[in-house]
Amino acid sequence: MVPSRFLWKRTLLQRGMMAAAFFLAGSISFAPRTAAQGPLRAAAPKALQAPAKPKLVVLLVVDQMRGDYVDKFLGQWTSGLKRLVEEGAWFRDAAYPYAATETCVGHSTISTGAFPSTHGMVANAWWDRKEQKMVTCTSDPDPSVKNIGYAGATPKGADTAWRMAVPSFAEELKFQTSGATRIVSFSLKARAAITMAGHKADAATWFDGGAWVTSSPYGTMPFIEEQAKSHPAKADFGKTWVLSLPENAYWYGEKALGAVPPGGWDLTFSHPLRGKTGVGEPDSAFYEQWASSPYADTALTELAEKAVDALKLGNSSGTDFLAVSYSSVDYVGHEFGPRSREIQDILVRLDKDLGDLFAHLDKKVGRGNYVVALSADHGVVPIPEEMQQTGADAGVLHLPEVQERIEQTLESLNYAKPAVARISGSDVYFATGVYEKLAADSNAMNAVMDAIRTVPGVAAVYRAEELRDRPATPPNSTQSSAHRAFAYSYFPGRSGDLFILPKPYWLLDGTPLGKSRSYGTGHGVPYNYDQHVPVLLMGFGIQPGQYFQPITPADIAPTFAALCGITLSSRDGHILADALKKSSHATASTRQR
Ligand SMILES: [Zn+2]
């Protein structure tokens, strides 16, 4: 027996459906009104509204932020980073599934929702077999493309996203919303600002040689010119980076073993921004110090706030896109390592900058009208000398030694010298024709693989055909996670011929033999310390909480796409459905202004 109230409901629903069907038919056939239609039309429900959309999508990338920094330092944060955790969705098991954990790769993955095997940005730079030289991921050989400097600067080079094989989320948003979207991105690095924005943008701005820079496909913006003139980086000349917290709040002692500070600084606080000489005009050492200090993060935050004001981001008819990649944590991490006071302190300062940025967005766009994602492009390995002190098997894998052993092996088998064109990170590129010859000469191929394995710190070597012919399989298959990671990184034509997997805590280092390293530590391999990064979402449509399912930063763009009601062309990531409010269109529509 069906209770009468349900019968009533069903009747209304049926009537509604009939009315809707009639309305649709009527809109096509222009059926004349009759008296019989009157009551039916009167009972028709309101047409379903399209879900509300965020007014502004904000993408924040912290260059080189390990996932465990949030666990370690959260208690010392009081502002923006804390707010992201408290008011947002915190994904505690987010990691890149691929091997090439580098800046250009990570930013492209976040912006497109695809892995490098799809988006093609396989490294910061790779060996171009046709050009027979190293090319950076953003270098554009088109003679009509030029980098443009603000405030009278004359930068070299030409940088665009032409090598990125799929569109970014921001580009898709602009294309699929009839151009109402404005795309703005900032970073100290071209490979971050450009990949976050995509092939075209209203503004994509980075820092080069002491000046803010863009390139011809992006054009220039008057508000950036004004900021570059009124608050240039050199205005921070003479400032000093001092510890923000009481001394006993720091996890680590000073002078990390193996750390290499920028020129003009030593390993102890405080760090003066006075260049090499300490007097006069800012020199290149000053800009290196500035980029390795919290002042650069603050400059990026100010630029982002100026963009919100000047372009009225979040106040147009569409959804706008603002991206900032904070580069300084990366410089500090390379110099001082992850176990340093500098890393801990720069995050305390970044927490304050992000708090300022969110307060600005609350005021200008409206709390709840914008959605934020914060992630990182990769993590970092502790400085090997420091790791060795703990008794762990750690060290430096010298890539020039790998190259030397390959050459010696092939010379003894009558191969012409040089057989190796370049070793860049994990990727070994052979001279033209050599790898094809090796593939047909199993004796020589095995000798080369054995020679590489004798170099201290090498765990395994993979061949291109193992990755290209046996693509990445689901995590529960028999394929090892490292093998799968190299397959997710493999892009035909750009990736190497052989791939070196170091042992855990062994740093891949290309410094010429006999010379000392010009940096403390690095990243770029398929171990969790490089792959595990934070993913935090906050604001429009986001269900706060802690989430423990394994995800990847490639899930950010599909989640943004779901919130904005658009479709990505080539995603590898998935929508983070658990962190989305299921009734977002009902609650958000009341917030529309
Ligand atoms: Zn990076």
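FYI, side chains are in, hydrogens and waters are out, and symmetry mates aren't considered; it's all heavy atoms of this structure. As the structure lists them, so they are numbered: ligands from 1, and atoms in each ligand from 1.
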Under-2.8 Å protein N/O/S neighbours of the Zn ion (ligand 1), ordered by chain then residue number: Asp63 OD1, Thr103 OG1, Asp377 OD2, His378 NE2

Aromatic ring pairing Phe73/Trp251, orientation class (parallel under 30°, perpendicular over 60°, tilted between): perpendicular

Distance under 6.0 Å and angle within 45° of ring axis: Arg92 vs Trp90: yes

Short side-chain donor-acceptor distance under 3.5 Å, Trp206 and Asp159: no

Aromatic ring pairing His334/Tyr519, orientation class (parallel under 30°, perpendicular over 60°, tilted between): perpendicular

Member of Tyr462, Phe115, Tyr98 meeting the ring pair (Phe, Tyr, Trp, His ring centres under 6.0 Å) criterion with Phe486: Tyr462

Parallel, tilted or perpendicular, as decided by the 30° and 60° cut-offs, for the rings of Trp212 and Trp290: perpendicular

